[in-house]
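Here's the structure we're looking at; comments come further down.
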Amino acid sequence: MTTIAFIGLGNMGGPMAKNLLAAGHALQIYDLSEAALADVEGVGGVIASSAQAACEGAEVVITMLPAGKHVRQVYTGEDGLLTILAPSTLCLDASTIDSETAREVGLAAGQAGIAFMDTPVSGGVAAAQAGTLAFMCGGTEEAFQRARPVLEGMGNAEKIFHAGPAGAGQVAKAANNMVLAIHMIGTCEALTMGANAGLDPAVLSEIMKASSGNNWSLQVYNPWPDVMAAAPASNGYNPGFMVDLMVKDLGLAAEVAQSTGVDNQLGRLALALYEAHQAEGHGAMDFSSILNRVRKP
Ligand code: NAD
């Protein structure tokens, strides 16, 4: 059993914290939302009055926050965690943020003798609930070995990767989600082409799954309504993974591409399409709802 401070109990952090409790860890929890705190308290989390208070006596700190500015504030802001944590503490930031902030916070932690890893996740709310998330980790090998047993309480042991040094987890996440956006839009275009030419999208999906167009969107997240009962497309495009978050992730991918000298034309086109979809009021819908834009541009 490990004493863990868990900060950020939203759509992802809430179920991740519950799985850690179910795995036998002791959790000291903090969030700005009282409802989020009450939900995890109901299954054994101990509410703290602040992020700093949650870290008292904790061996591991996990943060699951919206964006880089929140992570920066919690760790390196005034009264930030790095000013109060014991050097033996391991910090795991599972938020999806820019790799620059992850590197800077990792560096500041290292200077204070504290181990920090960026550990963004893939799999969405369903995998967070099921405890089958994938983790892509950036930091030292030593920190990775310490992190693994804790991450296994929230994820699939075979999908926990050491991507490289601090910031590498965020680069891996940005690369993955850029490809996800591109193949989702491509899948929507292919299915719409087929449907407009008179094919059944369910039959076309089976054909492509057995052919070289096979991809994750077709396998588990078909964007066409009623092809796959459990997919957001068959449930009014309730997320799932929101358009707003995909826009954020494509923006992060564009930053990585620019800073590494890559002309990511398809990634930027996907960003422009998702931004247009968002601007039309669909930010809170699942990202597979981009099908509606493809069908009626
Ligand atoms: P969310 O908005 O549901 O949860 C964020 C939580 O952080 C909220 O409960 C909020 O009150 C809390 N918070 C914000 N600032 C805080 C602070 N200073 N101190 C304490 N708590 C604070 O977001 P989410 O969907 O859980 O996503 C969290 C992160 O995971 C994001 O970076 C997101 O991009 C990433 N992510 C989300 C998904 C998904 O499908 N939702 C999938 C993969 C990765």
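Remember, it's 1-based here, ligands and their atoms both numbered in the order they're listed. Keep in mind the model is a prediction, meaning the values are calculated, not measured.
- When only interatomic distances are considered, the shortest N/O to N/O separation between T96 and ligand 1 falls below 3.5 Å.
- Side chains of D93 and Y75: a donor-acceptor N/O pair is absent below 3.5 angstrom, by distance only.
- In terms of protein heavy-atom proximity, atom 10 (C) of ligand 1 is closest to D31 OD1, 3.5 Å.
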- Message: What verdict does the salt bridge (charged side-chain N to carboxylate O under 4.0 Å, His left out) test give for R103 and D118, after you've listed the backbone C-alpha separation in whole Å, the side-chain angles of each residue and the deciding distance to 0.1 Å?
- Response: CA-CA 8 Å; R103 266 193 293 273; D118 44 305; over 6 Å; no
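- Remark: aromatic rings of Y221 and F287 are close, center separation under 6.0 Å.
- In this structure, K248 is part of the shell of residues with a heavy atom less than 4.0 angstrom from ligand 1.
- The nearest heavy-atom contact from the protein to atom 3 (O) of ligand 1 is N11 N, 2.9 Å.
- Residue-ligand proximity, Y30 to ligand 1, at heavy-atom distances under 4.0 Å covers atoms 19 (N), 20 (C).
- Comparing heavy-atom distances from atom 5 (C) of ligand 1 across G240, S122, P66 singles out P66 as nearest.
- Ranking protein heavy atoms by distance to atom 18 (N) of ligand 1, first place goes to V74 CG2, 3.8 Å.
- Polar contact with ligand 1: absent for V121 (N/O pair, distance under 3.5 Å).
- Close approach of ligand 1 to F241 is summarised as follows: ligand atoms under 4.0 Å from at least one heavy atom of the residue are 39 (C), 40 (O).
- Contacts classified as side chain to side chain donor-acceptor pair (under 3.5 Å) and involving residues 230-241 (residues at least two apart or in different chains) are not found.
- The side chain to side chain donor-acceptor pair (under 3.5 Å) pairs that include a residue from residues 159-171 are E141-H162, where partners are two or more places apart or lie in different chains.
- The nearest protein atom to atom 15 (N) of ligand 1, hydrogens excluded, is given as L32 CD1, 3.6 Å; this is a heavy-atom distance.
- Considering backbone and side-chain N/O of L65, one or more are found under 3.5 Å from N/O of ligand 1.
- Near G124, with a cut-off below 4.0 Å to any heavy atom, the atoms of ligand 1 are 40 (O), 42 (C).
- Under the 4.0 angstrom criterion for non-hydrogen atoms, A51 is not in contact with ligand 1.
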